[in-house]
Amino acid sequence: MCDNKEIEFSDGFADLHTESYKNILQDNGFGLDDARQCIEIVSQIRSAKAIGLKGDYHPLAKLSQKQHPFKI
């Protein structure tokens, strides 16, 4: 709901990947330059040092953490 109006996301969702692949095959896909900022942000988040729980946080954040599988 947004501004008391229901927003429906399921229509056309099944065709999303098909349309994406069609664009890729027509050389209209996303390249590294399009994704670079996202990749950099994820890299920064994954390599950031945890500072612990501060201020307002989700209750599930109190649960014990498991080591990332790539760092085992």
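In this text, all values refer to a predicted model and were calculated from it rather than measured experimentally.
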> State the CD1-CZ distance between I24 and F30, to the nearest 0.5 angstrom.
8.5 Å
> Could you give the distance from CG (L16) to OH (Y21), rounded to the nearest 0.5 Å?
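Reported value, rounded in 0.5 Å steps: 9.5 Å.
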> Report the residues that fulfil side-chain hydrogen bond (donor to acceptor under 3.5 Å, both in side chains) with H58, sequence neighbours left out, ordered by chain and then residue number.
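Here no residue qualifies.
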> Scan residues 34-48 for pairs that pass side-chain hydrogen bond (donor to acceptor under 3.5 Å, both in side chains), counting only residues two or more places apart or in two chains.
D33-R36, R46-H68
> My understanding is that only residues two or more places apart in sequence, or in another chain, count here; which of them pass side chain to side chain contact (heavy atoms under 4.5 Å, CB included) with A61?
L53, Y57
> To the closest 0.5 Å, what do you measure between CG (L25) and OG (S20)?
11.0 Å
> Where do C2 and I7 come nearest, in terms of heavy atoms and distance?
CB-CD1, 3.5 Å
